[in-house]
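First listed ligand is number 1; within each ligand, the first listed atom is number 1.
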Amino acid sequence: MKVFLYMVAVALAWDAIHCFYMPNKEFGHVRSSAPAQSWFPRVRRLSRPAHRVIDPTEDCFLVTSEEGELFFKSPSDEPSVCGIYMIAEPDKRIEVIFNYLDVPCEDGGLVAWVDGWELNGQVWPADTWDDDRVVETCDQRPQRKLVSRQNAALVQYRVPAQGKGFAVTVRHIRNARPCNVMVFGSEGVYTLRNHGETGNCSLLTISPSTMRVLDLNVGQTIKKGHMLELETGPIHHCTKRGLADYVDIGGASGLDHTKMEVLDSVCGLDSNEARRAALIACEDTVVRLVSSGQYYNSVTVAFAPLPAEDIERADLLCGFNDM
Ligand SMILES: *[C@@H]1O[C@H](CO)[C@@H](O)[C@H](O)[C@H]1NC(C)=O
C-alpha cells in the first residue's frame, strides 16, 4: 500500500509540473493520477474482475497496477488529454481489450494504445521504440487484443464530447523473457538477463534509489563451447578494454533511459555482493545491460529508496551536467 501511495504522489507531482505543457501539446502524449493493487494469482480467476469507472476530475493521470475493466465517460466537451498508466509485475505483459468505444473523431477525439509509457515528451523503452508501439483510433474499436512487450503500457484519450467514452479490460499475462522492466515502487531485488540475445535490456525505477549489485555475470558465460569461468570480480571501463558486454548503472531525469547519466559501467563475473550501495539521486534510477549476443548475461541488483538525508552525499546527482 505504501508503494501505491508513493506512486500517486509521484504522479501528482508530475501532473503539477507538466500540466503547463499540455495546452499546446499534440495528442499522443499525456499525464494524469491514481491507484493500484495487484494480487491476482496465476490460477484462473473465479471472482468477477474489478470494475472501475474513471472519474475524469480525479483520474486524468491514472496509474494503476490492477487488472479488470475500466470505463470512461466524458463529462464535458473539454478537449483535455488524459492517460491510464498501467504497470504490472516485472515478469508480466499488459493485455488490453477495447470492449466498447464511442469516441467521435470530430474536434480531435482520439484514443491511443501505447506499448510503453510516455511522459513529458519522453518515451520508455526509448531504445526499442517504433511506430508499431502506438495504435490510434476514434470511431472504431480496435478489434484485436493489444499486448505490450514489457510490464508497462498506456492508454491515452481525448474525448471532447459529453457522454461519449470507452471501456477496456486490462489483464496481466506472463512474460517468459522480460527484457525492459519498469519497477513499481522503490524497493526490491531484480535480475536483468539478455537470454543470450543481442541488444539492450533495462531496469527503470521511478524514484531516487540506493542500488547495490548482488551478482554480476556479464561478458563471461559464452554461448557456444565451453570456457572455464573465472571469478574476475567487477571490471570497470569495459568498453575501453574492448569488451562489448557491460552494465551501466546510473540515473535519468525522465523516462528516456538512453539519456541516462552513467555512474558506473561494469562487466565480469562477481558473485560477491558489492560492499557499498551506490546512492543515485535522480528522478529515475536505471540499470542498463548492453549485450553483444555472444554471452548469457545477467545482473542482480537490490534497490531501496534513497533517504532524503543522503542526497547531499549522493554518488550521482542528475541534471547538473547540462547546467
Ligand atoms: C545498445 O546500446 C549500445 C550502447 O549504448 C548502442 O550502441 C546500441 O545501438 C544499442 N542497441 C540497440 C539495439 O538499441
For a distance cut-off of 3.5 Å, show me each N or O of ligand 1 paired with any protein N or O, plus the separation.
| residue | atom | partner | partner atom | Å |
| --- | --- | --- | --- | --- |
| ligand 1 | 2 (O) | Asn200 | OD1 | 3.3 |
| ligand 1 | 2 (O) | Asn200 | ND2 | 2.4 |
| ligand 1 | 2 (O) | Arg288 | NH2 | 2.9 |
| ligand 1 | 5 (O) | Arg288 | NH1 | 3.3 |
| ligand 1 | 5 (O) | Arg288 | NH2 | 3.3 |
| ligand 1 | 11 (N) | Asn200 | ND2 | 2.9 |
| ligand 1 | 14 (O) | Asn200 | ND2 | 3.4 |

- Check each of Leu192, Thr191, Val287, Asn217 against Thr300 using the side chain to side chain contact (heavy atoms under 4.5 Å, CB included) test, and report the only one that passes.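 Per the side chain to side chain contact (heavy atoms under 4.5 Å, CB included) rule, the option paired with Thr300 is Thr191, out of Leu192, Thr191, Val287, Asn217.
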Look at Arg93 together with Asp115 and state whether they make a salt bridge at an N to O cut-off of under 4.0 Å.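 No, this pair does not count.
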- Task: Tell me, yes or no, whether the heavy-atom count around Lys223 atom NZ, taken from other residues, nucleotides or ligands under 6.0 Å, exceeds 12.
- Result: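 Enclosed.
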Specify whether Phe71 and His51 have parallel, tilted or perpendicular ring planes, treating 30° as the upper limit for parallel and 60° as the lower limit for perpendicular.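 Parallel.
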Q | Asn297 versus Ser291, side-chain donor and acceptor atoms under 3.5 Å | A |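 Yes, Asn297 and Ser291 have a side-chain donor paired with an acceptor closer than 3.5 Å.
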Let me check something: any side-chain donor-acceptor pairs from residues 94-103 under 3.5 Å, sequence neighbours excluded? List them with distances.
| residue | atom | partner | partner atom | Å |
| --- | --- | --- | --- | --- |
| Glu95 | OE2 | Arg171 | NH1 | 3.3 |
| Asn99 | ND2 | Glu69 | OE2 | 3.1 |
| Asn99 | ND2 | Thr169 | OG1 | 2.7 |
| Asp102 | OD2 | Lys164 | NZ | 3.2 |

